[in-house]
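Please read the structure below before turning to the comments.
Order of appearance sets the numbers: ligands from 1, and atoms from 1 within every ligand. Residues take their numbers from the sequence shown, with the count starting at 1. Remember, it's a predicted structure, so these values are computed and weren't measured experimentally.
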Amino acid sequence: MSTETLLYDQLKRPLRDLRISVTDRCNFRCRYCMPEETFGPDYEFLPKTSLLQFEEITRLARLFVEMGVEKIRLTGGEPLLRRDLDVLIGMLSQIKGLEDIALTTNASLLKKSALKLKQAGLTRVNVSLDAIHDETFGKMNGRGTKIKPVLEGIQAAADAGLQVKINMVVQKGINDHEIVPMASYFRNSGHIVRFIEYMDVGNSNGWKFDHVMNKKDIIDQIAETFPLKSVDAAYFGEVASRYQYEDGSGEIGVISSVSDSFCSSCTRARLSADGALYTCLFASKGTSLRNPLRNGATDEELRTMLTNLWNGRHDRYSDERTEESVLNRDKIEMSFIGG
Ligand code: SAM
Ligand code: SF4
Ligand code: SF4
């Protein structure tokens, strides 16, 4: 733990976590995130020169850690598409005061890299898996990919000694029939499955309140088959509500950003693949850190920028979500700033 919290925003929330998107590209086309109609063959992804280089990411990460960040999560797009990700992890792991480096991935490419990533300093991996049956999963990922490579990726990560959590986004009428089979499959595996309420991130997924399966319904469904008891949060700012199976066969979580928002404890900043800082997942625009970085800004100047950005933050989109904000707010796409 750092001994001192250096930065607070307008709602007295400290800066603790940094999510870094290392690419805006993905080998999946999950309908809720990168629907094929928008992200088709002609879609223009960021050119290589726009992406932050590893040295640039590491320099910014070091400054963030000096200002209170304890945990970094690498995400995307699909982060495993970024070449030599283990080299970046190795560089980040040298930062004094950084306690945790995690990765969010669809795991389709994890099998061959898990050990290398762990050896470079990765501590944890969150694997996104929205169904346990091939048919539903193939539809969800938009590419017909089967679950086998994902399950092999999960196994390789566990074998390498990485802590693994599984994330399932639940969409009513699309994959809610997979909730109990997913819970059943991962009971006794040691891996916690977290069920995530479908969110209105971005503007391309056609989100409606009706498409959300809320926390209560998710829990009721599971508890009917596998009785559950609720347990306390493990730490301040934990986003998942935790439940344990009464028979001792493991734990699940629910991330209820729609029905029961948690903005008051949100300590996360997000850095997009082209180096812009976003202080909320639902932000309309970010602030480029890449430009000052490439224009020769000193550490002191960058520190001042970060301080001003975090001190001025007052985002609490999920607390304030309305039909109107869902429709009319121009929000950045999730694949651009990462989950
Ligand atoms: N490609 C990686 C993956 O899927 O794990 C990392 C990036 S992805 C944008 C990060 C997380 O965001 C995934 O767990 C994904 O399921 C989640 N996500 C994307 N769109 C979402 C939405 N509309 N509602 C809830 N979660 C979403
Ligand atoms: Fe790709 Fe992840 Fe988005 Fe699915 S959720 S399209 S795997 S970035
Ligand atoms: Fe944090 Fe914004 Fe999500 Fe609220 S809506 S929890 S402020 S990212």
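- The cationic group of R187 lies under 6.0 Å from the six-membered ring centre of F226 and within 45° of the ring axis, placing it in a cation-pi geometry.
- The side chain of R270, and not its backbone, has at least one atom closer than 4.0 Å to an atom of ligand 3 (non-hydrogen atoms only; side chain from C-beta on).
- An N or O contact shorter than 3.5 Å is missing between V169 and ligand 1 by distance.
- Comparing heavy-atom distances from atom 23 (N) of ligand 1 across R31, R25, R73, M199 singles out M199 as nearest.
- Polar contact check, E197 against ligand 1: no nitrogen or oxygen pair lies under 3.5 Å apart.
- The residue N126 has no part lying near ligand 1, judged by heavy-atom distances below 4.0 Å.
- Every heavy atom of S21 sits 4.0 Å or more from the atoms of ligand 1.
- Nearest residue to atom 2 (Fe) of ligand 2 from C26, P35, S108, P79 is C26 (criterion: closest heavy atom).
- Contact check for M305 versus P292: side-chain heavy atoms found under the 4.5 Å cut-off.
- With a 4.0 Å cut-off on non-hydrogen atoms, T104 touches ligand 1 through its backbone as well as its side chain.
- Residue E78 forms a side-chain hydrogen bond (donor to acceptor under 3.5 Å, both in side chains) with just one option from T23, N106, N27, and that option is N106.
- At distances below 3.5 Å, at least one donor-acceptor pair connects side-chain atoms of N141 with backbone N or O atoms of G144.
- A cation-pi geometry, defined here as NZ or CZ lying under 6.0 Å from the six-membered ring centre and within 45° of its normal, holds between R321 and F282.
- For atom 8 (S) of ligand 3, the nearest non-hydrogen atom of the protein is L281 N, 3.3 Å.
- Within the coordination shell of atom 2 (Fe) of ligand 3, defined by N, O or S atoms under 2.8 Å, C266 is absent.
- With no hydrogens or angles considered, a side-chain donor-acceptor pair links D315 and T279 at under 3.5 Å.
- At least one heavy atom of G77 lies less than 4.0 angstrom from ligand 2.
- For T75, no nitrogen or oxygen atom sits less than 3.5 Å from a nitrogen or oxygen atom of ligand 1, counting backbone and side chain alike.
- Within ligand 1, the atoms closer than 4.0 Å to a non-hydrogen atom of V201 are 21 (C), 22 (C), 23 (N), numbered from 1 in the order shown.
- A salt bridge links R124 to D100: one of the charged nitrogens lies within less than 4.0 Å of a carboxylate oxygen.
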